[in-house]
Amino acid sequence: QVPGQGRIQTKPHVPNKCLPPYRTAAGPTSCTLQWQSTVDNGSPIVQYVIRYATNREMEGAVEAPKESGTRRVRVIEDLEARVSYYFQVCARNEVGRGEWS
């Protein structure tokens, strides 16, 4: 190899920020969410994490029970009837978690 012309490989990074999830179904105490995939930035996505709160600022947000794998549909159960919830999703790879949607 000629000095200065070697191969340079960049490091992977956390996934990009996901778009917000959207509701595809709702019951009295549960809802089904779906979201789009995001850019993995060089390390495959291994999990999506959901959190929710009853306020737009996400104060006191609770993470839904984690599921392994990369499914982009999730049923959130044990919600209170007649309460409004706000949901966010983030992707995780071997480097770490991306930003919340």
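Any value given below was found using the heavy atoms of this structure, including those in side chains, with hydrogens, waters and symmetry copies removed.
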Can you name the nearest heavy-atom pair linking R74 to I50, along with the distance?
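Taking every non-hydrogen atom into account, NH1-CG1, 3.9 Å.
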Under 4.5 Å between side-chain heavy atoms, hopping through other hydrophobics if needed: is there a path connecting Y48 to V46?
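As far as the 4.5 Å side-chain criterion goes, V46 and Y48 are not connected within one cluster.
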Throw together a table of side-chain donor-acceptor distances under 3.5 angstrom for residues 13-36, partners on residues two or more places apart or in other chains.
| unit_1 | atom_1 | unit_2 | atom_2 | d |
| --- | --- | --- | --- | --- |
| N16 | OD1 | N41 | ND2 | 2.7 |
| T24 | OG1 | T32 | O | 3.4 |

Counterpart residues, side chain to side chain donor-acceptor pair (under 3.5 Å), relative to [X] (two or more places apart):
X: R51; value: Q88
X: R72; value: none
X: Q9; value: R7
X: N55; value: none

Kindly give the cluster partners of V49, where membership spreads through any ILVMFWY side chain lying under 4.5 Å from a current member.
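Under the 4.5 Å side-chain rule, V49 groups with W100.
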Checking D40 now: which residues fulfil side-chain contact (heavy atoms from CB on, under 4.5 Å) with it, not counting sequence neighbours?
I45
Which residues pass the ring pair (Phe, Tyr, Trp, His ring centres under 6.0 Å) test with Y86, sequence neighbours left out?
none
Counterpart residues, ring pair (Phe, Tyr, Trp, His ring centres under 6.0 Å), relative to Y52 (two or more places apart):
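If we apply the ring pair (Phe, Tyr, Trp, His ring centres under 6.0 Å) test to Y52, skipping adjacent residues, the hits are Y85, F87.
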Those residues that, when tested against K11, pass salt bridge (charged side-chain N to carboxylate O under 4.0 Å, His left out) (two or more places apart):
none
For E63, what residues pass the salt bridge (charged side-chain N to carboxylate O under 4.0 Å, His left out) criterion, not counting sequence neighbours?
K66, R97
The complete set of salt bridge (charged side-chain N to carboxylate O under 4.0 Å, His left out) pairs with one or both residues in residues 77-96, sequence neighbours excluded, reads none
